[in-house]
Undergrad: 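Following this message is one structure expressed as structure tokens.
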Number of protein chains: 2
Amino acid sequence: MEEVLKEQMISEQAVSELAEIFKALGDPTRLKIIHTLLNTELCVHDIVQVLEMGQSAVSHQLRYLRNLRIVKRRKVGKTVYYSLDDEHIEQIFVQMLQHVKHG
Amino acid sequence: MEEVLKEQMISEQAVSELAEIFKALGDPTRLKIIHTLLNTELCVHDIVQVLEMGQSAVSHQLRYLRNLRIVKRRKVGKTVYYSLDDEHIEQIFVQMLQHVKHG
DNA sequence: AATACATATGAATAAATGATCATATATAGT
DNA sequence: ACTATATATGATCATTTATTCATATGTATT
């Protein structure tokens, strides 16, 4: 019984990657950033205004999300515009949001 | 600009719930448990065998998942069988797994 | 009732995490 | 060159988290 199941074990690599992505989504600040960037591109300053948080905290989280390629950035002069960079994650975010809102 | 965006702000309640669910999925052990329970019902002992982890650690995580109604349990004598209890989360797990496996 | 087995639980500990502070870097305007 | 603005970064600190250990609870068997 256990033998059969063990063979079907998910690879450590796969779990790690999965966990990494879900962990990224498992924080209120990062979720707010993602939500704010749905359908829009915004500079750090604007994100800070919307979230009403410190610039540093937001910047740190943006880097976190960028490392996972969940967001990408575009520099124009001294301002940096962030936008979502992973349609699939975007899709799962929206899906889960529906899940939470209704049933 | 910021005014308009702030109005579209996601509610604190919604973010909290979202974060709670994603956080639950953001841990390797819990992901392995969920994966193991896909399409099956298993007792704690078997899960412990498959994950090759301490019984206590598994039990703690099962409680965690149960509190969020991600898994449910069924008692038969002295053994307790666990199974998945949220189709939507199950669906998102599978979706994300595909995402990670392929592109 | 005594023992064995299955699961749960509380406390303790080490590691990870997120915000903040201070400061650095980069670009623009004067 | 100087100043202002936008963003990034490193260190620190408090909190959270996951595992382990020891032990408790619950059930079956003899």
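Chain identifiers are assigned alphabetically (A, B, ...) following the order of the sequence lines, protein sequences preceding nucleic acid strands; residue numbering begins at 1 within each chain.
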Undergrad: Round to a whole Å and report the spacing from OH of A:Tyr81 to P of D:dT7.
TA: 8 Å

Undergrad: Look up atom CD1 in A:Ile10 and atom CG in A:Leu18, then write down how far apart they are to the nearest 0.5 Å.
TA: 5.5 Å

Undergrad: Restricting to non-hydrogen atoms, name the atom on A:Ala24 and the atom on A:Leu68 that form the minimum distance, rounded to 0.1 Å.
TA: CB-CD1, 3.4 Å

Undergrad: Looking only at heavy atoms, what is the nearest atom pair of A:Val15 and B:Pro28, with distance?
TA: CG1-O, 3.8 Å

Undergrad: Can you tell me the distance, in whole Å, between the CG atom of B:Leu51 and the P atom of D:dA18?
TA: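 From B:Leu51 CG to D:dA18 P: 15 Å.
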
Undergrad: Tell me, which pairs form a side chain to side chain donor-acceptor pair (under 3.5 Å) where one or both residues lie in residues 16-34 of chain B, sequence neighbours left out?
TA: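 Only A:Glu12-B:Lys32, B:Gln13-B:Glu17, B:Arg30-B:Gln61 qualify under side chain to side chain donor-acceptor pair (under 3.5 Å).
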
Undergrad: To the nearest 0.5 angstrom, please state how far the NE2 atom of A:His35 sits from the OG atom of B:Ser11.
TA: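 Going from NE2 on A:His35 over to OG on B:Ser11, the span is 9.0 Å.
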
Undergrad: With heavy-atom distances below 4.5 Å as the criterion, would you say the side chains of A:Thr36 and A:Asp46 are in contact?
TA: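 Not touching, per the 4.5 Å side-chain cut-off.
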
Undergrad: Reading DNA chain C from 5' to 3', where do the contacts with chain A start and stop? Cut-off is 4.0 Å to heavy atoms.
TA: C:dT17 to C:dA28

Undergrad: Give A:Arg66 one of three labels, base, sugar-phosphate or nothing, depending on what nucleic acid heavy atoms sit under 4.0 Å from its own.
TA: nothing

Undergrad: For residues 18-25 of chain A, which residues have at least one heavy atom under 4.0 Å from DNA chain D?
TA: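 Here the set is empty: none.
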
Undergrad: Five pairs per end, C1' atoms only: what is the angle between the end axes of the helix from C:dA1-D:dT30 to C:dT30-D:dA1, to 10 degrees?
TA: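 It comes to 10° between the two terminal axes.
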
Undergrad: Donor-acceptor pairs under 3.5 angstrom involving side-chain atoms of residues 88-103 of chain B: please list them, not counting sequence neighbours.
TA:
residue, atom, partner, partner atom, Å
B:His88, ND1, A:His99, ND1, 3.0
B:Gln95, OE1, A:Gln95, NE2, 3.0
B:Gln95, NE2, A:Gln95, OE1, 3.1
B:His99, ND1, A:His88, ND1, 3.0
B:His99, NE2, A:Asp86, OD2, 3.4
B:His102, ND1, B:Gln98, O, 3.2

Undergrad: Which residue pairs pass the ring-ring contact (aromatic ring centres under 6.0 Å, His included) test when at least one of the two sits in residues 59-82 of chain B, sequence neighbours left out?
TA: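 Checked against ring-ring contact (aromatic ring centres under 6.0 Å, His included) - neighbours excluded - no pair reaches residues 59-82 of chain B.
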
Undergrad: Provide, to the nearest angstrom, the distance between the CG atom belonging to A:Asp46 and the C1' atom belonging to D:dA6.
TA: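 Taking atom C1' of D:dA6 as the reference, CG of A:Asp46 is at 12 Å.
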
Undergrad: List, with names and distances, any nitrogen or oxygen atoms from the protein found under 3.5 Å away from nitrogen or oxygen atoms belonging to nucleotides 19-23 of chain D.
TA:
residue, atom, partner, partner atom, Å
D:dT19, OP1, B:Thr29, OG1, 2.6
D:dT19, OP2, B:Gln61, NE2, 3.0
D:dT20, O4, B:His60, NE2, 3.3
D:dC21, N4, B:Ser56, OG, 2.6

Undergrad: Among pairs that include at least one residue of residues 60-77 of chain B, which meet salt bridge (charged side-chain N to carboxylate O under 4.0 Å, His left out), considering only residues two or more places apart or in two chains?
TA: B:Glu41-B:Arg74, B:Lys72-B:Asp85

Undergrad: Quick one: does A:Val48's side chain get under 4.5 Å of A:His45's, heavy atoms only?
TA: no

Undergrad: With a 4.5 Å cut-off on side-chain heavy atoms, are A:Ile70 and A:Ile34 touching?
TA: yes

Undergrad: Measure the distance from CZ on B:Arg63 to P on D:dA18 and round it to the nearest whole Å.
TA: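 Whole-Å distance recorded here is 13 Å.
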
Undergrad: Within the distance-only criterion (no hydrogens, no angle test), does the side chain of B:Thr40 pair as donor or acceptor with the backbone N or O of B:Leu38 below 3.5 angstrom?
TA: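 Yes: the side chain of B:Thr40 pairs with the backbone of B:Leu38.
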
Undergrad: Decide yes or no for A:Ile47 and A:Leu62: does some side-chain heavy atom of the first lie under 4.5 Å from some side-chain heavy atom of the second?
TA: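 The answer is yes, as the side chains (C-beta and beyond) meet within the 4.5 Å cut-off.
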
Undergrad: Within the 4.0 Å limit for protein heavy atoms, which parts of nucleotides 25-30 of chain D are touched? Write it as a string from 5' to 3', B for base, S for sugar-phosphate only, - for none.
TA: -SBS--

